[in-house]
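Take a look at the structure below.
Please read all numbers here as calculations on a predicted model, not as lab measurements. Each chain gets a letter, A, B and so on, in the order its sequence line appears, and its residues count up from 1.
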Amino acid sequence: MTDVERPARVSRAAREGWSGLALAAGISLVCLIVSLAFGPVSLSPAQLWHDLLAGPGSHTATAIIFWQIRAPRVVLAFLVGAALAVAGVILQDLFLNPLTDPYVTGVSSGAALGATIAIVAGLAGGLWLTGLALVGGLGTLLLVWTAARRRGRIDVYVLLLAGVSASYLLSAIITVLMIRANDDLGAILYWLLGSFSGRTWTDVETALFAVPFMIVPLFFTKEMNILLQGEKRALELGVDVERTKRVLVVTAAILTAIAVSVAGIIAFVGLIIPHLVRLMVGPNHRRVLPFSLLMGAALMGIADLVSRTLLAPTEIPVGVVTTFIGAPVFIYLLRRGRRT
Amino acid sequence: MRQAAFAYDAERPVLKDVSFEVQAGDFVGVVGPNGSGKSTLLDLIDGVLAPGSGAVLVNGRPTREYRRRDIAREVALVPQHFALEFDLTVRDVVEMGAYCRGAECSPAAAASAALGKLGIAELAERRFPELSGGEKQMAVLAQALVQNAGVLLLDEPASSLDVSHQLALFELLKQLNADGLTVICVLHDLNLALTYFDRLLVLAEGGVAAWGPAEEALSPEVLEAVYGVRALVHHHAGRTFLTFSPRRSSQPRERGRVHLVCGGGTGSSLMRELTDRGYEVSAGVLNALDSDEVTGRELGLSMAVEAPFSPVGDDAHAENLRLMADADLVVLSDVPLGHGNVRNLEAVRAALARGAQVWVLEGLLDGDHTGAAVSLRDTAARFFADEQAVLAELSRLPRPPAV
């Protein structure tokens, strides 16, 4: 690197602070508008604007489509995408492993088990499902965390094995529950595949509980940056590591559980988004967190759009769409990781 | 900083009953064999580990009573290994040191100051993972300095540095110490410890083997007890330094006795080599303060010694004859012969007359200013081209030939 280049890079890094964030917000907004406009019945921008101003009380056909069907699912997709991306950032940091996500650590499966129990027990409505998903997710994370911890350090191999084992075990339990519950089989299966189909404003209200938890990590960006050097070094530099980890773990588990409880299991978003964002803006959390939030929301919005338009009128579960996008990217990142 | 007794107990105790007290402004080195608990000691002082029993006090207050952020304002640590895979700049890394200081300082300004002080301002915008081992070490030191703590702990900071950077680092630490920083540094190199540190703490088997002024703490007795090696203290050009031999001095000499006739440094390497190989070595007659005499004294040899710059007198000659009579083998180095020491040749002839084995280095004849040595050609004395030939012949023999 030459001296001439260096100042240019610095000022670019400084600009990325705000203009980059504005760009990411702009991309998300465009994705939001596109998601709202397209579907089995597409709306023109003018119609979109008109329906938006008309308010939810309007009874024109397009307004009903917009307010009753499209808007709740699109808003929900954006919220879930943001929640999963932020949870992914947190988990990748805590495990100091860029290949960690809510899915690999078993948190999603734990939340899925909790939700399945709620459905089987006839408690599918309201906060029961969310609550049980939360307990399942948090419990699984603590289990895997404890298994992978050796003398204050997280053993990555044990972590991945424990996480995958836990996922299989929980899936097995879910399967048993599904066999026993003939009536609810369809509901469980549909829910497990991950979808935003038929979601209402009630689901959006549940998902809104995730918003404060997306903001919590923004108060821990310094600690999260320091934790990139490992837990011991963070202690030496004065970080209350145990407290920080507890707050962040619980936050990640809550975000994942809320996401899973409203949308089922949607893989790979929490894995890829933080990765791509780090490639774009570097590892500083003051940028990684807000960027991940926005890009997670945008990607999920687009994935949902694809899920309902690609084979319209048939819907592809959104979890299948993200897997189609995510699996190749994951393999690419694995290979890339091995080279460096 | 005050430090009271503590013991650290896990499943196996790493440190048992360690007590010492460091005063503010001290410059302390910590040495000890591998696994003697040096790094554990640093972690205890930094409060990362808590003592199983006893107490570690920083500024008179037990470390376990500090919050992490508060102890980081008192004690900064430079770890031996530092891993950061993520693509942060050096400036980002160094600024992290300001975390414990909260809003009291601007991280950017503190980082610039620390980088400037260490003379590595040009590294600021480099990516940390791309730095060399030595550069990383300096960047982490800068990070620790940003903490602005009164005590700096370092864990083997010299291990990844070449000799010029080692010296630069220790000079820098000296300078920081002169500015009021208390420094406690773990290191392996005993000569660096001896050269730079006022006080040394020697740890062994979880306890304090020695604690005090550097030269007292690293006495040959301590080193033999702690490391199980034979240490020799040398003074050269105003510096004190150590050299080591693998054999313990308490080990019985099994290989026999060799008497050296040498002087002027011609016998030093044979003295050392033969001692290390387990021979009991004597020498004479040497003038006091002759470099061979100094080496012999450091090695603890029996020697016949004459006053400086004086010809060999009767007493020294008699002592020399006695030492030769006890030896299994007499070796003449290529010492220059003059009227001052030609009497040693007389002693050698007496030994030959008794039928003793005498080995001579060829070089002796070249440096003979008396013309007397050439007559050895007509005796039973064996001639060797150099020291290596002597040592080779000796190692071929199971024992030196008996008298």
Side-chain angles (χ1 to χ4, degrees), chain A residues 1-14 89 92-93 95-99 151-153 156 220-245 274-275 277-288 336-338 340, chain B residues 10-11 39 42-43 45-50 66-89 91-103 107-108 122-130 136 139-140 143-144 146-149 153 155:
Chain A
M1 187 161 312
T2 68
D3 286 322
V4 185
E5 270 176 275
R6 215 174 283 152
R9 203 160 60 78
V10 176
S11 63
R12 202 187 74 205
V89 172
Q92 290 182 7
D93 280 354
F95 289 105
L96 269 187
N97 176 9
L99 299 182
R151 282 199 267 152
R153 286 179 53 236
V156 174
F220 287 87
T221 52
K222 274 188 183 174
E223 285 84 352
M224 291 170 86
N225 283 341
I226 293 177
L227 275 166
L228 294 179
Q229 303 168 85
E231 287 184 24
K232 182 157 182 296
R233 187 64 191 151
L235 275 177
E236 289 159 6
L237 290 175
V239 177
D240 188 340
V241 173
E242 286 305 318
R243 178 174 155 269
T244 306
K245 277 195 309 192
H275 245 296
V277 167
R278 278 200 201 91
L279 285 179
M280 287 190 300
V281 302
N284 192 330
H285 287 89
R286 217 173 304 170
R287 291 194 289 273
V288 170
R336 191 174 170 278
R338 195 178 298 166
T340 51
Chain B
E11 299 87 62
S39 300
L42 294 189
D43 286 344
I45 299 172
D46 196 27
V48 172
L49 297 175
Y66 282 89
R67 289 190 306 146
R68 279 312 312 166
R69 191 187 277 255
D70 293 332
I71 203 163
R73 296 161 71 108
E74 306 292 338
V75 183
L77 186 137
V78 179
Q80 184 181 3
H81 301 293
F82 185 90
L84 176 68
E85 306 296 329
F86 294 87
D87 208 8
L88 290 165
T89 65
R91 173 177 292 282
D92 290 334
V93 172
V94 174
E95 282 181 8
M96 288 176 186
Y99 175 77
C100 62
R101 297 168 71 186
E122 75 282 0
L123 295 183
E125 308 304 334
R126 292 266 301 278
R127 283 148 196 276
F128 188 87
E130 293 168 0
K136 282 182 184 168
V140 178
Q143 188 187 47
V146 168
Q147 286 175 248
N148 203 27
L153 309 175
D155 195 353

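Counting heavy-atom pairs closer than 4.5 Å to chain A, the top residue among Arg69(B), Gln143(B), Arg67(B) is Gln143(B). Your options are Val239(A), Asp240(A), Asn284(A), and the one with the most heavy-atom pairs under 4.5 Å with chain B is Val239(A).
Of the two parts of Asp43(B), only the side chain, counted from C-beta on, holds a non-hydrogen atom closer than 4.5 Å to a non-hydrogen atom of chain A. Residue contact with chain B, scored on non-hydrogen atoms closer than 4.5 Å, is absent for Val241(A). When heavy atoms are compared at a cutoff of 4.5 Å, Ile71(B) does not approach chain A at all. Both the backbone and the side chain of Val140(B) come within less than 4.5 Å of a heavy atom of chain A.
Taking the ring centre of Phe82(B) as origin, the terminal cationic atom of Arg233(A) falls outside the region bounded by 6.0 Å and 45° from the ring axis.
Looking at Asp155(B) and Leu77(B), their side chains never come closer than 4.5 Å, going by heavy atoms from C-beta outward.
Taking a cutoff of 4.0 Å between a charged side-chain nitrogen and a carboxylate oxygen, Arg278(A) and Asp87(B) do not qualify as a salt bridge. The pair Glu236(A)-Arg68(B) fails the salt-bridge criterion, with no side-chain N (NZ, NE, NH1 or NH2) lying under 4.0 Å from an Asp/Glu carboxylate O.
In this structure a side-chain-to-backbone donor-acceptor pair under 3.5 Å is missing from Gln229(A) to Leu84(B).
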